[in-house]
There are 2 protein chains.
Amino acid sequence: MNIGAVSEKSGLPAKTIRHYEDIGLLKPDRAGNGYRDYSMVDVHRLRFLQRSRSLGFSVEDCRQLLSLYGDSDRESADVKAIANAKLSDIDRKIAELIGLRDMLRHLVKNCHGDSRPDCPIIEGLAGEARVQ
Amino acid sequence: MNIGAVSEKSGLPAKTIRHYEDIGLLKPDRAGNGYRDYSMVDVHRLRFLQRSRSLGFSVEDCRQLLSLYGDSDRESADVKAIANAKLSDIDRKIAELIGLRDMLRHLVKNCHGDSRPDCPIIEGLAGEARVQ
DNA sequence: CTTGAGATTCCCCTTACTGGAAGGTTTATG
DNA sequence: CATAAACCTTCCAGTAAGGGGAATCTCAAG
């Protein structure tokens, strides 16, 4: 599969896919003409990268997550530790997104017509920032 | 309030806070000694930036979100449109995080001891990528 | 009054892409 | 077959969003 098809299937620009190869996140075969030749496994890795990058995980986070199944030398205990750490991150992100969503919903609801909302949304914006 | 205190309250490094000022996301007062002097509103904006950046929103997304309450010239319909667009993004992100979490949980559960997991997790990694 | 913590600016470095040039390949068309 | 469009290659340079660290200044404590 050529890079264009993979780009479409993964939702990532070809530039980014080549970049991920440069930094060692995948190593597609090469066809006789020099074109990169991707497998479905590559597509899966790239879709995964697209998802987790857009959710705020760093490339190094993604590399760890990808190593969870890709590295057959890795010990199971190690896999579990990494996965559990990432699970905490994910739970926190979910909670924060829900907070953000509720805040925005409140803003939309209290935004009644022709002038700016007069609710004290600014405090909601900051999450649990009730410090002083 | 000096930048150190604000850094602690917002969870952002001082460097980043100055950077956000450089790109126009806030404009703290200056004390007589030249030090930046932050208000609680600044702290709220920064906490908000910290949260939404870590959730994968770009700085420009954040700028729009911040403008939802900061710009008194903005029309309400405009506010609603932006907020609703961001709400869709947030809902999608939440769904993706939940998918990621379930995938990782499955991995942890099926990771029984001393060798690499033998479940076909690689397909789970790619989300709903059942294309061919 | 000096010493250490914290502030300032400035400049360069890093991460993670992104755009564009210059050129080779494949595919569709006259 | 020719040739043009579409797609691929590498390479180099630029952007976005900070981070490191020097040189200097200021504030609080002893």
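To find a chain, count down the sequence lines: A is the first, B the second, and so on, and within it residues start at 1.
- The shortest distance between side-chain heavy atoms of A:K9 and A:V6 does not fall below 4.5 Å.
- The closest donor-acceptor contact from the side chain of A:D61 to the backbone of A:S58 lies under 3.5 Å.
- Ion pair A:R45/A:D42 not flagged as a salt bridge, since none of the NZ, NE, NH1 or NH2 atoms sits closer than 4.0 Å to an Asp/Glu carboxylate oxygen.
- Atom C1' of nucleotide D:dC11 and atom CG of A:D22 are separated by 11 Å, given to the nearest angstrom.
- In this entry the distance linking CG of B:D61 with P of D:dA16 reads 14 Å, nearest Å.
- Between the C1' atom of D:dC25 and the CG atom of B:N2 lies a distance of 14 Å, rounded to the nearest Å.
- In this structure, CD of A:E60 is placed 16 Å from C1' of D:dG19, rounded to the nearest angstrom.
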Quiz prompt | A:R63 and A:E60: CA distance, side-chain angles, deciding distance, salt bridge (charged side-chain N to carboxylate O under 4.0 Å, His left out) verdict | solution = CA-CA 5 Å; A:R63 196 189 298 274; A:E60 287 316 305; 3.0 Å; yes

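- The residue B:R18 sits close to a base: some heavy atom pair falls under 4.0 Å.
- Distance B:I17 CD1 to D:dG19 P: 11 Å, rounded to the nearest Å.
- At a threshold of 4.5 Å between non-hydrogen side-chain atoms, the residues B:R101 and B:L104 do not count as touching.
- A:L66 is listed as a side-chain neighbour of A:L49, based on a closest heavy-atom distance under 4.5 Å.
- Among the protein residues, B:I23 comes within range of no part of the nucleic acid, since none of its heavy atoms lies under 4.0 Å from any strand.
- The distance between atom CG of B:L25 and atom C1' of D:dA16, rounded to the nearest whole Å, is 13 Å.
- Between D:dC27 and B:N33, a contact under 4.0 Å exists linking OP1 or OP2 to a side-chain N or O.
- The CG-P distance, from A:D37 to D:dC7, rounds to 18 Å in whole Å.
- Atom pair B:I3:CD1 and D:dT26:P shows a separation of 17 Å (rounding to whole Å applied).
- Each of A:P13 and A:Y35 lies near DNA chain C, and the nucleotide nearest A:P13 is the one positioned closer to the 5' end.
- Residues B:R53 and A:G4 both approach DNA chain D. Their nearest nucleotides, taken by heavy-atom distance, put A:G4 toward the 5′ side.
- For the residue pair B:S88 and B:D91, no side-chain donor N or O sits within less than 3.5 Å of a side-chain acceptor on the partner.
- Interface limits on DNA chain C: the 5'-most and 3'-most nucleotides within less than 4.0 Å of chain B heavy atoms are C:dG6 to C:dC10.
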Show which side-chain atoms of residues 23-34 of chain B pair as donor or acceptor with protein atoms under 3.5 Å away, not counting sequence neighbours.
{"residue": "B:R30", "atom": "NH1", "partner": "B:G34", "partner atom": "O", "Å": "3.0"}
{"residue": "B:N33", "atom": "OD1", "partner": "B:Y35", "partner atom": "N", "Å": "2.9"}

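- Classification of A:E96 and A:K93 as a salt-bridged pair fails, no side-chain N sitting under 4.0 Å from a carboxylate O.
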Show each protein N/O and nucleotides 2-5 of chain D N/O combination with a separation under 3.5 Å, one pair to a line.
none

